[in-house]
Structures are given as C-alpha cells and as structure tokens.
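By convention in this document, chain letters (A, B, ...) are assigned in the order of the sequence lines, proteins followed by strands, and residues within each chain are numbered from 1. These numbers come from the heavy atoms of this one structure, side chains and all, not from hydrogens, waters or symmetry mates.
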Amino acid sequence: MLHLSAPHPLDSAAVLAWYDRHARTLPWRTSPQQRAQGARPDPYSVWLSEVMLQQTTVAAVARYFARFIELWPTVADLAAAPLEAVLVEWAGLGYYARARNLHACAVAVVDRYGGVFPDRAEGLRTLPGIGPYTAAAIAAICHDEPVAVLDGNVERVLARYHALPVPVREAKEELRSNLRCSVPVRAGDFAQALMDLGATVCAPRSALCMLCPLEPGCAGVRTGNPTGYPIKPSKADRPIRYGHAYVMRDGGGDIYLRTRPDKGLLAKMTEVPTSDWTAALVEPSYPAAGDWRHHGQVVHVFTHFRLELEVWSAIVSDTAALADGWWAEPRDTGREALPTLFRKVLASVGL
DNA sequence: AAGTCGGGGGC
DNA sequence: GCCCCAGACTT
C-alpha cells in the first residue's frame with residue numbers, strides 16, 4: 001500500500017545549507033566545517049554515541065559518553081573489559097540489553113574484523129545491537145554511504161512533509177526508500193541535518209515552519225496543522241504491579257545485594273531482593289529474620305507497566321540463607337550496577 | 001505486527 | 001500527568 005501521494009525528492013541542498021549554519025555542537029560530532037576539510041569521525045565514537053542515543057535524549061547521554069571514552073578509548077579496550085564493568089557504567093541509562101549488546105559487539109568487531117568496524121551498513125547490520133537505523137547512521141556519518149538514516153526525528157519530519165495519512169509504522173519502508181532517493185553526496189551531513197531539524201525546528205509539539213528549509217514543499221504546512229503529524233497509534237493503558245522490596249543490612253551495616261537473572265527486565269543488573277511483582281499486593285514474606293521496619297513506597301514507571309514497591313528494611317543476624325549475593329558498604333553502591341529503581345529503594349531507607 | 005525493554009526532560 | 005526521545009530484538 002502506498003501512502004505518499006506525490007513522492008518527490010527533498011531539497012537536500014537547502015537542508016545542507018541550513019545545517020552548515022545551524023548544526024548543533026555535540027561531543028561525538030564532527031562539524032560540517034571540519035568534514036569539509038577532510039576530517040572523518042572515529043567509527044568507535046559514532047557507534048558508541050548512536051547506541052547510547054537509542055530512545056535516549058542527548059542530555060542524558062552526554063555524561064555517559066564521556067565516561068565510556070575515558071575508561072575505554074578504543075573498541076579493543078571495551079572488548080577487553082569485563083561485561084560487569086560495562087554494566088556498572090551503564091547503570092541508570094536504561095534499556096540494559098544495549099549494554100550487553102554493546103560489549104558483545106565490541107568483542108565481535110575485535111574477533112571478526114581485527115578491531116575495525118565494517119564500513120558499509122550491510123556489514124554493520126550483522127553486529128549485535130546494530131539495527132537498520134544505527135547501521136545506516138554509522139555508514140553515512142563515517143563514510144558518506146548514501147543510505148536512508150531514519151530515526152524518530154526524521155520520521156516526524158517526513159510524516160509532516162508528506163502529510164502521511166497513517167501511523168509511521170505502517171509506512172516505514174516506504175519512507176525509507178523514498179528518503180534514499182534524496183540522499184546527496186554529503187550523506188553524513190544530510191543525515192545529521194535531518195535529525196537536527198527534527199530536534200530543533202520540526203519538534204514534537206512545535207513546528208517552526210518559517211525557519212525550515214523544507215517549508216516550500218511541505219504538505220503538512222499546507223494542511224494548516226503540521227503538528228497533527230505523525231498520526232499516533234492508539235496507546236495501551238499502563239497496568240500497575242505491586243510488590244515488596246527488602247533492604248537487609250548485617251551487623252556492620254553492609255547491604256545485601258545480588259544479581260538479577262540473565263534474561264528479562266533489568267537482566268544481569270544488581271538488585272536488592274524483592275517479592276514477585278503482581279497485579280495485587282500480597283503480604284510481605286521476609287527473606288530473613290529481623291526487626292522489619294516499613295519505609296513507605298517507591299513508585300517507578302517502566303515502558304509497559306507501573307511498579308509500586310513497599311520498602312522494608314531490617315538488620316539481619318542469620319545471613320546463612322543469603323548466600324547467592326554479596327554485602328556492600330553503603331558508600332560503595334556507586335560502583336554497583338544498580339538500576340535507578342533500586343537506587344530509589346535505597347534512597348527511601350536513607351542510603 | 002505486536003510485545004518487551006528504562007529513564008528522564010519538557011511541557 | 002503525558003509524550004517522546006539518534007531503536008533493537010523477540011515471538
């Protein structure tokens with residue numbers, strides 16, 4: 001089914017001219033001026049930033065990016081690091097499968113390609129954690145391969161430009177093939193230009209069309225309601241799950257921590273023990289004997305459900321049954337792979 | 001094609 | 001509160 005009534009190439013020259021004047025300065029970016037003088041971005045930095053930026057804002061990524069580059073300046077350094085160290089540094093950024101795939105990808109690049117990333121999107125696409133978007137982005141930005149770089153920003157720009165009459169998901173491949181026809185020689189700058197355009201001019205709730213280099217051909221402007229696009233699919237309501245979290249401390253004040261299962265939510269990350277998370281709250285079932293004290297609730301919102309945990313703490317003496325985890329000093333929890341949820345739990349008991 | 005997978009910033 | 005973010009992977 002075709003949804004682009006009159007597909008025509010974008011004015012890529014106008015987009016590039018806009019980008020030459022308005023490109024954002026980002027830590028992982030090579031500016032259009034630098035690129036014009038022959039500078040090429042480092043594929044490792046581009047890859048690292050692209051993975052971190054998946055479904056994640058620039059502001060949230062900046063500190064993590066700097067820290068990873070400081071700790072692991074090359075893909076070989078990252079590949080040589082233990083996965084546990086990578087998870088510690090990723091903690092708080094979310095979508096932890098990205099961190100596991102990041103490490104697996106680094107190992108694969110070293111083992112399969114001698115530490116050099118493939119230069120074409122087709123080759124990049126075979127690596128863990130690199131999907132259609134990321135493969136295209138790396139190949140375009142690093143080598144100017146003329147591929148369509150289609151992220152959420154660009155989807156919005158194109159949905160408005162074409163006044164796309166259906167949700168993006170139903171027309172994604174059509175948008176991709178159409179965009180491919182508009183890619184100029186400066187493929188990397190063009191890709192970053194469209195993403196900057198979506199982030200600054202053609203933003204989710206505001207469209208500054210008078211500033212947009214694509215305004216002359218934009219069907220969304222002609223409808224009089226460009227921000228009405230993209231059309232959103234109906235959203236499912238978020239269920240609530242309930243449970244208990246048990247913060248245990250030994251006689252020395254150390255906190256009992258353990259590793260979550262290999263698969264599923266927050267896989268392989270560090271946690272404090274909790275009950276199952278269920279549709280209705282059940283009575284607490286304390287993991288060890290002690291004088292248990294209630295500390296109120298922690299509420300945490302995940303993508304597809306909302307979690308409300310009752311937080312309990314106790315000093316426990318019989319620690320024999322707590323053998324699968326370890327005891328950590330409160331001052332050392334910054335070096336544990338604790339997701340934000342469990343940092344909230346510790347904070348609620350004053351740790 | 002739909003579901004799973006975090007967390008935060010902006011409004 | 002709600003929306004969305006330089007998406008990938010599984011089923």
Side-chain angles (χ1 to χ4, degrees), chain A residues 23-24 26-29 41 45-65 87 90-102 104-105 124-142 147-157 159 166-173 176 188 190-200 202-206 227 230 232-239 241 260-261 263-269 271 298-307 337-344:
Chain A
R24 290 180 294 171
L26 301 170
W28 45 84
R29 173 173 285 178
S45 297
V46 173
W47 163 71
L48 179 61
S49 68
E50 291 298 343
V51 173
M52 287 183 167
L53 287 162
Q54 289 165 7
Q55 295 293 286
T56 308
T57 56
V58 167
V61 163
R63 290 187 307 274
Y64 287 85
F65 177 80
L87 294 180
W90 198 278
L93 195 55
Y95 282 156
Y96 298 98
R98 293 186 296 172
R100 304 191 298 273
N101 285 329
L102 186 85
C105 182
L124 290 161
R125 181 67 185 82
T126 68
L127 290 162
I130 299 185
Y133 161 76
T134 304
I138 297 170
I141 292 171
C142 294
V147 288
V149 179
L150 193 58
D151 77 325
N153 287 310
V154 181
E155 287 174 4
R156 179 174 56 257
V157 171
V166 296
V168 168
R169 190 144 205 170
E170 299 176 29
K172 202 161 187 172
E173 286 315 309
R176 201 189 307 278
F190 182 66
Q192 294 173 97
L194 287 182
M195 292 190 279
D196 273 20
L197 202 56
T200 62
C202 197
R205 276 178 294 273
S206 73
T227 56
K232 297 166 207 152
S234 57
K235 60 172 165 57
D237 57 330
R238 214 191 307 261
R241 296 186 194 172
R260 289 178 60 80
K263 297 187 174 181
L265 189 74
L266 307 175
K268 297 185 180 179
M269 300 298 287
E271 68 171 3
V298 160
V299 177
H300 194 71
V301 180
F302 292 101
T303 304
H304 54 292
F305 66 95
R306 168 191 175 94
L307 178 64
L338 281 166
T340 298
L341 165 63
F342 297 109
R343 294 195 184 278
K344 286 184 184 176

dC11(B) to dA6(C) separation - P atoms, rounded to the nearest Å: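 After rounding to an integer number of Å, I get 14 Å for this pair.
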Provide the distance between the two P atoms, one in dG8(B) and one in dC9(C), to the nearest whole Å. 24 Å
Could you walk me through whether Q54(A) and Y133(A) pass side-chain hydrogen bond (donor to acceptor under 3.5 Å, both in side chains), step by step? CA-CA 9 Å; Q54(A) 289 165 7; Y133(A) 161 76; over 6 Å; no
Among residues 55-63 of chain A, which residues get a heavy atom nearer than 4.0 Å to DNA chain B?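 The stretch gives Q55(A), T56(A) as the residues lying under 4.0 Å from the strand, ordered by number.
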Sequence neighbours left out, what passes side chain to side chain donor-acceptor pair (under 3.5 Å) with [X]? Give chain and number order.
{"X": "R238(A)", "value": "none"}
{"X": "D196(A)", "value": "R24(A), R29(A)"}
{"X": "T126(A)", "value": "R112(A)"}
{"X": "Q55(A)", "value": "none"}

Rounded to whole angstroms, how far apart are [atom1] on [X] and [atom2] on [N]?
{"X": "E170(A)", "N": "dA2(B)", "atom1": "CD", "atom2": "P", "answer": "8 Å"}
{"X": "H304(A)", "N": "dC4(C)", "atom1": "NE2", "atom2": "C1'", "answer": "18 Å"}
{"X": "R306(A)", "N": "dG6(B)", "atom1": "CZ", "atom2": "P", "answer": "18 Å"}
{"X": "F305(A)", "N": "dC5(B)", "atom1": "CZ", "atom2": "C1'", "answer": "10 Å"}
{"X": "M52(A)", "N": "dC5(B)", "atom1": "CE", "atom2": "P", "answer": "22 Å"}
{"X": "Y64(A)", "N": "dG6(B)", "atom1": "OH", "atom2": "C1'", "answer": "10 Å"}
{"X": "F190(A)", "N": "dA6(C)", "atom1": "CZ", "atom2": "C1'", "answer": "15 Å"}
{"X": "M269(A)", "N": "dG6(B)", "atom1": "CE", "atom2": "P", "answer": "9 Å"}

Mind checking what makes salt bridge (Lys or Arg N to Asp or Glu O under 4.0 Å) contact with R63(A), not counting sequence neighbours?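 Per chain and number, R63(A) pairs via salt bridge (Lys or Arg N to Asp or Glu O under 4.0 Å) with no residue.
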Applying salt bridge (Lys or Arg N to Asp or Glu O under 4.0 Å), name anything that partners R343(A), two or more places apart in sequence or on another chain. none
What nucleic acid atoms does [X] come within less than 4.0 Å of, heavy atoms only: base, sugar-phosphate, or nothing?
{"X": "W28(A)", "value": "base"}
{"X": "L194(A)", "value": "nothing"}
{"X": "G198(A)", "value": "nothing"}
{"X": "T134(A)", "value": "sugar-phosphate"}
{"X": "R156(A)", "value": "sugar-phosphate"}

Check nucleotides 9-11 of chain C for protein N or O atoms closer than 3.5 Å to its own N or O atoms and list the pairs.
from	atom 1	to	atom 2	distance (Å)
dC9(C)	OP1	G129(A)	N	2.4

Nearest-neighbour nucleotide for the [X] side chain, [options] considered:
{"X": "R24(A)", "options": "dC11(B), dA6(C), dG8(B)", "answer": "dA6(C)"}
{"X": "P204(A)", "options": "dC4(C), dG8(B), dT4(B)", "answer": "dC4(C)"}
{"X": "Q54(A)", "options": "dG6(B), dA8(C), dA6(C)", "answer": "dA8(C)"}
{"X": "Y95(A)", "options": "dA6(C), dG7(B), dC5(B)", "answer": "dC5(B)"}

Any stems for DNA chain B, made of 3 or more Watson-Crick or G-U pairs in a row, each with both distances under 3.5 Å? B:1-5 with C:7-11, B:7-11 with C:1-5
Who passes ring-ring contact (aromatic ring centres under 6.0 Å, His included) against F65(A), sequence neighbours left out? W28(A)
Do T303(A) and dG6(B) share a donor-acceptor pair, side chain to base, under 3.5 Å?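 Checked by distance alone, the answer is yes.
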Write down the atom of [X], the atom of [Y], and the distance for their closest heavy-atom approach.
{"X": "M195(A)", "Y": "V154(A)", "value": "CG-CG2, 3.8 Å"}
{"X": "G198(A)", "Y": "P204(A)", "value": "O-CD, 4.5 Å"}
{"X": "A136(A)", "Y": "A148(A)", "value": "CB-O, 3.4 Å"}

F302(A) or R205(A), whichever maps to the more 5' nucleotide of DNA chain B: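 Between the two, 5'-proximity favours F302(A).
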Any side-chain N or O of H300(A) under 4.0 Å from OP1/OP2 of dG6(B)?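 No, because none of the side-chain N or O atoms of H300(A) sits under 4.0 Å from OP1 or OP2 of dG6(B).
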The side-chain contact (heavy atoms from CB on, under 4.5 Å) partners of P132(A) (sequence neighbours excluded) come to R125(A), R176(A)
With sequence neighbours excluded, what pairs up with T303(A) under the side-chain contact (heavy atoms from CB on, under 4.5 Å) test?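 Testing T303(A) for side-chain contact (heavy atoms from CB on, under 4.5 Å), a comparison that skips the adjacent residues, returns Y95(A).
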